[in-house]
> 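Mind looking over this structure? Questions follow.
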2 protein chains.
Amino acid sequence: MGDNGRVTQETGARRPNIYDVASAAGVSKSLVSLVLRGAPGVSPARRAAVEEAIERLNYRPNRAAATLAGNRSRTIGVVLDDYRNLWFVGLLSGLHEQFAPLGFRVAVADPSFNAHLDRTPVDGLMSLRVDGIVIATEPSEEMFAALDVPAVVAGNRDIPVPGADVVANDDLVGSRLAVEHLVGLGHREIGHVTGGGGAARLRAQGYEAAMRENGLRPHIKEGQGLTMESDGYQASLKLLDQNPSLTAIFAANDTMALGAAGAARDRGRRIPEDLSLIGYDNSPLASANLLRLTTVDGRNEEVGAGAAKALLDRMKDPSAPLRTMLVEPELVIRASTAAVTV
Amino acid sequence: MGDNGRVTQETGARRPNIYDVASAAGVSKSLVSLVLRGAPGVSPARRAAVEEAIERLNYRPNRAAATLAGNRSRTIGVVLDDYRNLWFVGLLSGLHEQFAPLGFRVAVADPSFNAHLDRTPVDGLMSLRVDGIVIATEPSEEMFAALDVPAVVAGNRDIPVPGADVVANDDLVGSRLAVEHLVGLGHREIGHVTGGGGAARLRAQGYEAAMRENGLRPHIKEGQGLTMESDGYQASLKLLDQNPSLTAIFAANDTMALGAAGAARDRGRRIPEDLSLIGYDNSPLASANLLRLTTVDGRNEEVGAGAAKALLDRMKDPSAPLRTMLVEPELVIRASTAAVTV
DNA sequence: TCGTGTTTCTGGAGCGCTCCATTTTTGATT
DNA sequence: AATCAAAAATGGAGCGCTCCAGAAACACGA
């Protein structure tokens, strides 16, 4: 008993391996391996027999063994910084879209988790023997010290990196889009709220340049912490209090824009009637009906797809010169910006 | 040249393995293995020698080999459903907090990714040879078909599961907290917006029961799709239009509450003056200054910690009876609810 | 000095695959 | 039917570890 038909793994029952499948299908283990990897040059009859045996035994390949034997994991590691900032969602789907058809998996690591076991998330991925790494957080020296496979930095382009290609949206252009949209609506007194972190730095820089080009005086307020909602709120309050003539705020990202919207509400400024507001990222937040936020779309899916391509190129030719690829951002106009009322 | 001091891995240079470390430290590979695993009973002198060699050679253990040889990966897999619904963030940190000290990693899989390579995310984790699985999405039959290690379902408790413990917040109690808070503020006409999915179903059920207990008539409106912002918006619009006398809305989660807030604004209802609003999850969204949303905190960190404990218990004793553990939710009162004005 | 237990250290076997060189089978062409 | 190239299938070696049984080193009292 307990052994009939489809095998339900009971305690102690050894998991079937490639040899079990081979003998069940009446072929060699090597042939099973070929079928598993979808290799060409296997006769349809044998392939079907192997597949049937796999199904019947409820066989699952052991990826640890495959990785060890092949010295490659067919996995791409992605280093994230914070799950709460949703820009990575598009990035992941762009990466996945490119890698999946090639048989590569995408594995995610974030710095806060597993910190006890590895010095950096890169360490963790290295010991998984990933075939490539996408760094979607602010890159640091020690990450690159541990690096041993092709890498590409996605999203951050202000920090010079020793040995990685860079793919990002063009934050400078994005900021210009935002400023010019507001200027086109007649705004002259435009504030910017920002925070720590690479992309934010570039966005502030782009804002400042665009303002000067338009002959306008920049007003930048940096939140205490990073680029969270509360930082956007605090910075916006200060901005509004110090410059009552402000008619528009450009926030370094949508989350900070949410904070800015809170500050506007608390200061009795209606959006967009009394204050235009514009964000960055085109996150799910921006399309919420309460905000209907005009925002800069960094096209993170394209950034992800570009990162995937850069990684694949580098895996083919590790000695090719390092490249930086910039994705052109787009302005998404919703209801949080309006012509300035005199 | 290119061989001085700290070894920077060049193309073609074989990665150091446990034997390289052993001979560099003048010990056996077995001793290196012991040091790597932090085993007791290694003399301080040898331990130091090994650690020095590891550092000098820039050695990284090969987890594939360790997993294969030990027939365990010291990794717990987590199946997520959607990165955009942030309730999982607390869950992950609760899980991690418990597992990290025990030397277990936490690996995340989500259904949409790697779908081409595996039939279910559980398949993917199984071939990684995870030592346990936390299912943080709506469990399905086929997930359990592939299962071969201890599993616990976290967050969803309405679906009966064949072979897994369940840890969740008590949605029925949470809904009651919400309704009673509103009733205490004098509300009688309280609507509920909900959507598809297990937790939502229970929350609606709890709402209905609590309403009836208080002698009130329930008003439930389900969005077209799932439990996203737009579903909350649409359902709330209908609710408000059909029941103009409504003074409060309880949303199945914070994201839907954001949608409800949009609907309220579009119908000229101020929050909380004209309409009280209450959410569920206590996500980062709820604390945003624009919303200051009263919400039910499902205490996801505790759910995560509980799931970890359940999993560890089951790893020790696979034959123990299945358990369901419920975490008591808490009401977080912010500024979106107020006494009803007559 | 010699046991005798305890702690520390070691070599061998084997985990389940991939890769490769080789063998077997197939099928086209004389 | 004989020959030969191409296609399909195979067996062996080895990836880098863990685990285990046993060897070596050490501690301590008789």
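Treat the numbers as computed from the prediction; the structure is a model and nothing was measured. Residue numbering restarts at 1 for every chain, and letters A, B, ... go by the order of the sequence lines.
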> For DNA chain D, whose closest nucleotide is more 5', that of Ser30(A) or that of Pro44(A)?
Pro44(A)

> Check whether any side-chain nitrogen or oxygen of Tyr19(A) sits under 4.0 Å from OP1 or OP2 of dG12(D), and answer yes or no.
no

> Quick one: does Lys29(A) reach the base of dG11(D) with a side-chain donor-acceptor pair under 3.5 Å?
yes

> Do the side-chain N or O atoms of Asn62(B) get closer than 4.0 angstrom to the phosphate oxygens (OP1, OP2) of dG16(D)?
no

> Looking at Ser28(B), I'd like to know whether one of its side-chain N or O atoms comes within less than 4.0 Å of OP1 or OP2 on dT10(C).
yes

> Measure from CZ on Arg37(A) to P on dG16(C) and round the result to the nearest Å.
17 Å

> Counting only side-chain heavy atoms from C-beta out, which of dC15(D), dT18(D), dC15(C) sits nearest to Leu68(A)?
dC15(D)

> Let me know the distance between CZ of Arg46(B) and C1' of dA25(D), rounded to the nearest Å.
9 Å

> Please state how far atom CZ in Arg14(B) lies from atom C1' in dG16(D), giving the value in whole angstrom units.
10 Å

> Applying side chain to side chain contact (heavy atoms under 4.5 Å, CB included), can you list everything that pairs with Glu52(B), at least two apart in sequence or on another chain?
Arg56(B)

> With nearest nucleotides of DNA chain C determined for Pro61(A) and Gly26(B) from heavy-atom distances, which residue corresponds to the more 5′ nucleotide?
Gly26(B)

> So which one's nearest nucleotide on DNA chain C is more toward 5', Ser43(B) or Ala65(B)?
Ser43(B)

> Parallel, tilted or perpendicular: which fits the ring planes of Phe88(B) and Tyr83(A), with parallel below 30° and perpendicular above 60°?
perpendicular

> To the nearest Å, how far apart are Arg47(A) CZ and dA9(D) P?
9 Å

> In whole Å, what is the span from the CG atom of Leu31(A) to the P atom of dA7(D)?
16 Å

> Given atom CG of Asp131(A) and atom P of dT18(C), what is their separation to the nearest angstrom?
14 Å

> Would you say a side-chain N or O of Ser33(A) is under 4.0 Å from OP1 or OP2 of dT18(C)?
yes

> Could you state the CD1-P distance from Ile18(B) to dC15(C), rounded to the nearest angstrom?
18 Å

> If only side-chain N and O atoms count, and only distance matters, is there a donor-acceptor pair under 3.5 Å linking Ser127(B) with Arg60(A)?
no

> Test side-chain contact (heavy atoms from CB on, under 4.5 Å) on Met325(A) and Val166(A) and set out the steps.
CA-CA 6 Å; Met325(A) 180 185 149; Val166(A) 174; over 6 Å; no

> Rounded to the Å, how far apart are Asn17(B) CG and dT18(D) P?
12 Å

> So that I can tick it off, tell me whether Arg74(A) and Asp131(A) are bridged by a salt bridge, with the cut-off set at under 4.0 angstrom between side-chain N and carboxylate O.
no

